[in-house]
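Taking it in order: structure first as structure tokens, then the write-up.
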Amino acid sequence: MHSLSHLFLNPGDRRFWAGFTALGVLFLLLVPALNLLLPADSALHVPNYMVTLIGKYLCYAILAMAMNLVWGYCGVLSLGHGAFFALGGYAIGMYMMRSIGARGVYGNADLPDFMVFLNWKELPWYWLGFDHFWFAALMVMAIPGALAFVFGWLAFRSRINGVYLSIVTQAMTYALMLAFFRNEMGFGGNNGLTDFKDILGFDLSQDATKMGLYLLTTLVLGATFLLVRFVTASKLGRVMMAVRDAESRVRFLGYSVTGVKLFAFTLSAVLAGIAGALYVPQVGIINPSEFSPANSIEIAIWVAVGGRGTLLGPVLGAFAVNGAKTWLTGAAPELWLFALGALFILVTLALPKGLVGLWAGLRARVTEKSND
Amino acid sequence: MTDDTLMDQPHGPGIAAPGTILYVDSVTVSFDGFRALNELSLVIEPGELRTIIGPNGAGKTTMMDVITGKTRPDQGDVLFDGHVDLTKMTEDQIANLGIGRKFQKPTVFEHLTVFENLELALKCKRDTLSTLLFRLSGEQQHRIDQVLGTVGLKDKPRMLAGALSHGQKQWLEIGMLLMQDQRLLLLDEPVAGMTDAETEATAELILDLHKDPHHSLVVVEHDMEFVRALGARVTVLHEGSVLAEGSLDAVQANAKVVEVYLGR
Amino acid sequence: MRAFHLILALAALLLATPSARADDDFSTALRALNADSYADKIAAAEALAALGEGRAAPILDALADGRLYVTPDGAILIEQAGTYLEPLSQKIVTTDKAEAITVNNRLRGVARGAAGRLALFSPNAQARGAAVEAIMNSPSDEAADMVRAALAKESDATIKALMVTALASLDLSSDNAGHRLAAVTQLADSSDPSVRSQIQRLLETETDLQVRKVAEKTLGSIEFRVTLMGFVANLFQGLSLGSVLLLAAIGLAVTFGVMGVINMAHGEMIMLGAYTTFAVQQGFRAFLPADLIDLYLVAALPAAFLVTALVGMGLERGIIRFLYGRPLETMLATWGISLVLQQVVRQIFGASNMEVANPSWMTGGWDLAGGFTLTYNRVVIILFCLAVLGGLAALLRWSSFGLHMRAVTQNRPMASAMGIPTGRVDAMTFGLGSGIAGIAGVALSQIGNVSPNLGQGYIVDSFMVVVFGGVGSLWGTLVGAVSLGVVNKFLEPYAGAMLGKILVLVFIILFIQKRPRGLFALKGRSVES
Amino acid sequence: AEDTIKIGVLHSLSGTMAISETTLKDTVLMMVDDINKKGGLLGKKVEAVVVDPASNWPLFAEKARELLEKEKVAAVFGCWTSVSRKSVLPVFEQLNGMLFYPVQYEGEESSRNVFYTGAAPNQQAIPAVDYLMSKDGGEVKRWVLAGTDYVYPRTTNKILEAYLKSKGVKPEDIMINYTPFGHSDWQTIVADIKKFGSAGKKTAVVSTINGDANVPFYKELANLGVKADQIPVVAFSVGEEELAGIDTKNLIGHLAAWNYFQSVKSPENDAFIKQWQSFIKNPKRVTNDPMEATYIGFKMWTQAVQQAGTTNVDAVRQALYGQKVKNLTGGVAVMNTNHHLSKPVFIGEIQGNGQFQTVWKTKDVIKADAWSPFIPESAKLTADWTYPWVCGNCTEPKFK
Amino acid sequence: MLMVENINLYYGASHALRGVSLKAETGKVTCVLGRNGVGKTSLMRAIMGLQTIKNGVVQWENKDITTLSAYERARTGIGFVPQGREIFARLTVRENLETGFAPLKRADRTIPAEIFDLFPVLADMLHRRGGDLSGGQQQQLAIARALVTRPRLLILDEPTEGIQPSIIKDIGRVIRLLAENKIAAFGQMAIVLVEQYFDFAKELADCYAVMDRGEVILAGDIANMVETDVRKHLTV
Ligand SMILES: Nc1ncnc2c1ncn2[C@@H]1O[C@H](COP(=O)(O)OP(=O)(O)OP(=O)(O)O)[C@@H](O)[C@H]1O
Ligand SMILES: Nc1ncnc2c1ncn2[C@@H]1O[C@H](COP(=O)(O)OP(=O)(O)OP(=O)(O)O)[C@@H](O)[C@H]1O
Ligand SMILES: NC(N)=O
Ligand SMILES: [Mg+2]
Ligand SMILES: [Mg+2]
């Protein structure tokens, strides 16, 4: 059992690159090609909505990989990762709100619509700078990163771990949800930020813009993949796993557990923020429900379904769960929760290593057979 | 963090014990009113090998907990290298000073391989960034192989440590201690669960380590033959304080030690 | 003053036997209640009250409550628990043609006020007390005169005191400075917020220096008592919120705290308990006599326990037992279970809220001083949750089942080697935790909605409480729940509900920095092993 | 298949909003069933494509796109919360879809692709406040505006505040309180309301409390003895469906303002109730205002399709303007060129049986304001999708 | 009598017990010897039912118990002192001892006073949590806990590990007395003892079995034991 997961912790280089290239070809070449080159009535044609949908899943996949870095490898089950995702989303959303300019319903160039009709007189200071894309792009990483750093520093320094850590992270995202709900906060309350028109001058309602965002997301996922692989294959990756197994023992070896966790947590939060920033222009809305504790739990569930502590698992999990959700909410709108619930139960019972484990298990069985 | 920066850290007012590697002065630890250590004092000199014996519950493990930063003493001073106050430092800072420990109950990283367990213990920079960028050198690889041989796990480097038997875990822990190459080594019952032959091998290993004056060792054991094989000065703890100290023969002759510990 | 004499005269009439002429007037006025417009109905109600007959009071009350019916031939009937009473003859009438006389709030107010004044002379002391209070709520000069008249006759000391206070408060608006002075002096012992605002209003216009001085002093002392009662009220509300949190969390303290199962389906167990309550209530309504309905809640407790405990045991045997030693996987599986259970309930009962009524003994509350009401349902819930917690603590601490439960969850193989049937103990433990969640559902159905989402509303809070208190410590769960409740309720008046909640969360986050293993963390080596 | 006309049903069947939205899904299905029994539309059967956006706002957008792009539906009936509507709005605008939105909302919107069949604030909130200020309503002088903290209550309360002040209500006689979604512990707030109401002036509560929070709110009102004849509560989000989940014995006399009550007698309403109860196979199921709004929206759409002779969105949109449907409560609803309806307003008191008894109603239908005159920036705007304006928010016509 | 016949045990693909047989008679102490990692613990756990075996038979008092679960085996009178102590860390010492009541009839549910004679420290620490005890104290508790069940078969996996010399001597004496049925509170017992400490084992045992690489290499009466052969298998 353990040795199986192990194969995936340090995948043979050849296997890794093969998988990586296959995914790259699929998402970077095949999907766009099938969308752009094939006629709409072809059986293999990938319709526009599908491209957007896959783009959304890709964002979830990045988020899941970020989650996996802290949870799968470092054993820190954050139930607040949705917060970092949402903050990244809000940062880019603020930029897109600002770039609406005077095209809002009230034609007010200085204030977003939601501020106008709730009588705000001027833009709050924390909106300053979001007129500029690069500032916003920086904030996409800086805000989740800084929050994770401060929060993590406090928590890990105090040696909050296990469920205690999970619950305080949940409290964090819950508090943020309530805070962003408040209209006084100046982030559009429950409705959040909507009515985006364009990003960097590209019209968001254009299919070409959507395709561009899709491709960008794919590239970022690829980069995330490489980054996570680099980190987890390093000695630090092994220290992270050691922390997961026996945190206090790691300290007696002279490693700073706080430092290791803080590194993983902050890096993960930054990745989550980037995922959120790619997500928001594609779905067209960001609101406080993204902070809801249930959302964060779901992220953990994608990772678990795919296979915790493996490189590919989170991506598989994010696609499988969200794909199932998309399909079932349309195909069986009244019964889909049964199917999804059953999926979660079955995966846990039958595939303790997640979907990746299924694959590895099959391989192992084949090898075993051929050895016999 | 390098050793130098830590060495320069300020310590308690005016406390210094030059010429000692470990200086424990009237340390008291109590748990809900129970005194596990009772004004314990103990001095280890650089390069010294010391064995510690004493009844179950005498406070031997607790003493090691205090030295390695796991337990904070209620009172008393613990100085390393004559001047570094250990009572205010965290476990990892203390480890980085040069203090290594083998636990009474073997604790290894169960989901890492034997090799990786040793690799993590390898002496090198421990800060997060260096760890991220770490590459195993040929020399280090060689060192790990060497230790694998020493602890009898040469044919199991790829095995997950969790699958080792109890005794094998003991050996792996010893191996990890060797990898760290620390100045002060604390060994809590290193031969528990070993066969007589292995016990002898361990004794040799320890004596070997002791040859290098860079190492100071504190060994806790209940196996008198092993203690004899080490031939070192013996300290007897009882109810949290030192009951007797001297050569093994002297200690064994002490009536009180016989009564509370050795039995008739 | 003319009205005063009239009313006095009428009041005097109350005890005399009504004459035939009065009967005629009375029945005419009565029939007039069935008018077309609200204005006419109001006039009729006032006329009826003006006759000053005590027997008008129950009629006006029924009118206010919407229990006054009219038959097609214009006869007015009072509906009482499904039967009709002819108010003149006091006979029970059977009819299926009667229709309720519609009322609006204004008519209701008039009817209740009038009934209240009539009740001043009721033989029932409680009714007289209520009448005085009703009058204080809608003060007028006539009312003051009536109270004075009633005071003269009153024998009950507490009601007398009440009347004196009421009079004083009515006198505050008197033209006579002397009366006003007497009134403010009289009211110095009050702790009623409405008296406070009356005095505040008096002070806005009062010119008499003497009255002003006394009024200010009175206001100060009322303010003090109101503030004090406000504090007590906050405390009670905090306790009550704490008890709700505690109830929601106790079951989780077993399944998660003791067993280590990250039980995301805990909320759904609460929900199942609430739906069982609903089902039992419907059963009572359908099959048992109407006067037993108040007991449905008592029957619902064992029913809910049984249903949820069985579901819990089924889940444990079917799913969870395969996941011991993999706590994080239990989170995934129980999340799946929670989705399924929600949908099951949606399929069976539909997606909308179910109506679960408070039994009468849980409706309303004691009006204590200072505008503070001790509501029955809250008091019952506080006591109930303490009883559940106490029972559970005793079970864990002193029964051999409790010992086995703890041994099994700490070291399953070793417990088995000691001869403890781990499978059965696990199933029973999970069943117990679920069953407790179920009876929590019974209680929570009394204060919140019963819908498929019910559980989702409690799950975050429950985990928060258990973890804040310290996993594995029942005592911690208790203290954790109560302190979070109280902190919340003391913050709410200043910060508002929204910010208050946020601050509580921030408080938890900061607090755990100080105590990384919760309020009542176990210490020492035993924690690590 | 080729010979059906597809329509989308975009209501949450799971998650927090399922409580309210499931009913509307069933209402649409009933209407579809009904029209198919009568021979369909343009000679084709109507097919409802039901999806579950699961109370998840981004999922609403995803599902909307799926309905429009994949299922190619002719129109969509859906959404409840404003945020879900905001979330699908860009999708409908990009793909030129048609959404019928059946719930009372805060206004301040008029999209070319959305028809709003629920009430705007001037069709609900303002009449309710007018009533309470009247003699019949108890001449209320002091106001508590209590709402869930989101855009609909915020906007409504802002409008009401401006309106009340224009009627001479002093600021200290207005208390505003916001609570989170699903707020369940109302002890403090109800006690505060009682205190606020003890100042000797007639006090009323205007509740824009939404969804799950209502049951515990009303239970607390009952237990703390807040009686309708002392401090009436008038709600804009509590209808028959919500009352079905509450024991109303102790809430008699509290009010709600809607464009529809089940208790209003009319032949159309009787038929509708009967049809609903037999469709849903439950003789006790209630009807409510958003159901009527769905009914009107659906009827208008079918009439417009028939009139246009096609389901083409642009053609149907043109045909919808001025479309009339008989209200279930009498009178006729008209679709205006601002994409909102003219409808009557009713104020009802809660009865012991969970129904409302109408205590006041408008003499005539009231035309919805997409843009409230009580919000300065909004007062300047006009919504009119016909020549020469052709816009949802203009200060001057597009064509002159 | 305990009869283990030809059992095989696997950890995944690794074959940890290869056709192992073992006999332990009532009234006798049977000692299992062997280097680290040869499968001693695996064998004990297999007997206790804590580790599933692939095939083979475990018989106790002429009953086949191979298919029984661990707790059912405990109820047939088997007491177990595991390697690594396995104390219930968050139960008090008293509660740890009381877990031993599970297989007993209600009337027998007492802690024999003899236990405290043997391990006096436990009497002082009844209310301390098991996990807080020192290593040696925990080991004593583990032995005591097994005795509370009044076993007829006592399995001891390296019971002296970490215990101070005087108490080791006591334990030795007690094991002898138990086997010989000389302590009133307990009945006749079969004792299986896993030990690394050769001299201790030799002194105590009636029978012995030496394991190497998952197999029993040598077995027999201690009287007939050839010490050099045995020692050969105990060195690397
Ligand atoms: N957290 C605690 N709470 C209560 N007592 C404790 C705690 N930790 C240790 N003790 C007690 O402190 C004493 C010293 O324990 P320690 O582990 O240091 O003994 P030791 O000398 O290492 O014994 P051994 O030889 O058995 O390993 C013991 O009596 C133990 O029960
Ligand atoms: N859970 C496990 N998974 C895989 N292999 C295991 C597991 N437990 C033990 N082993 C392997 O089985 C073999 C026998 O282990 P066992 O614990 O029975 O040895 P032992 O004779 O008791 O050793 P010791 O004297 O060190 O306690 C060892 O080689 C060990 O590596
Ligand atoms: N539009 C509403 N009621 O959210
Ligand atoms: Mg020790
Ligand atoms: Mg062993």
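Order of the sequence lines sets the chain letters (A, B, ...), proteins ahead of strands, with each chain counted from 1.
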Would you say that [X] contacts [Y] through its side chain, given a criterion of any heavy-atom pair below 4.5 Å between the two side chains?
X        : Y        : value
E/Arg145 : C/Met414 : yes
C/Ile420 : E/Tyr71  : no
E/Arg75  : C/Pro421 : yes
E/Leu91  : C/Arg406 : yes

I'd like to know whether CZ of E/Arg176 has more than 12 heavy-atom contacts from other residues, nucleotides or ligands below 6.0 angstrom.
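Counting other residues, nucleotides and ligands, CZ of E/Arg176 exceeds 12 neighbours.
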For the student: nearest non-hydrogen atoms of [X] and [Y], plus distance:
X        : Y        : answer
E/Ala102 : C/Gly419 : CB-O, 3.6 Å
C/Ser416 : E/Ala74  : O-CB, 4.0 Å
E/Leu50  : C/Ala417 : CD1-CB, 4.2 Å

Distance, nearest 0.5 Å, that separates CG of C/Asn411 from CZ of E/Arg85:
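So the CG of C/Asn411 and the CZ of E/Arg85 are separated by 14.0 Å.
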Side chain, backbone, both or neither: which part of [X] has an atom under 4.5 Å from a heavy atom of chain C?
X        : result
E/Thr92  : neither
E/Arg129 : side chain
E/Leu133 : backbone
E/Thr149 : side chain

Check the pair C/Met418, E/Phe101 against side chain to side chain contact (heavy atoms under 4.5 Å, CB included), reporting the backbone distance first and the verdict last.
CA-CA 8 Å; C/Met418 295 309 298; E/Phe101 290 167; over 6 Å; no
Step by step, work out the side chain to side chain contact (heavy atoms under 4.5 Å, CB included) result for E/Glu95 and C/Arg397.
CA-CA 10 Å; E/Glu95 287 170 333; C/Arg397 181 78 186 72; 3.6 Å; yes
Considering only heavy atoms, which portion of C/Arg412 lies under 4.5 Å from any heavy atom of chain E: side chain, backbone, both, or neither?
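For C/Arg412, no heavy atom lies under 4.5 Å from chain E.
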Using atom types as modelled and distance alone, determine if a side-chain donor or acceptor of E/Glu98 lies under 3.5 Å from a backbone N or O of C/Leu403.
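The answer is no, because no donor-acceptor pair under 3.5 Å joins these two groups.
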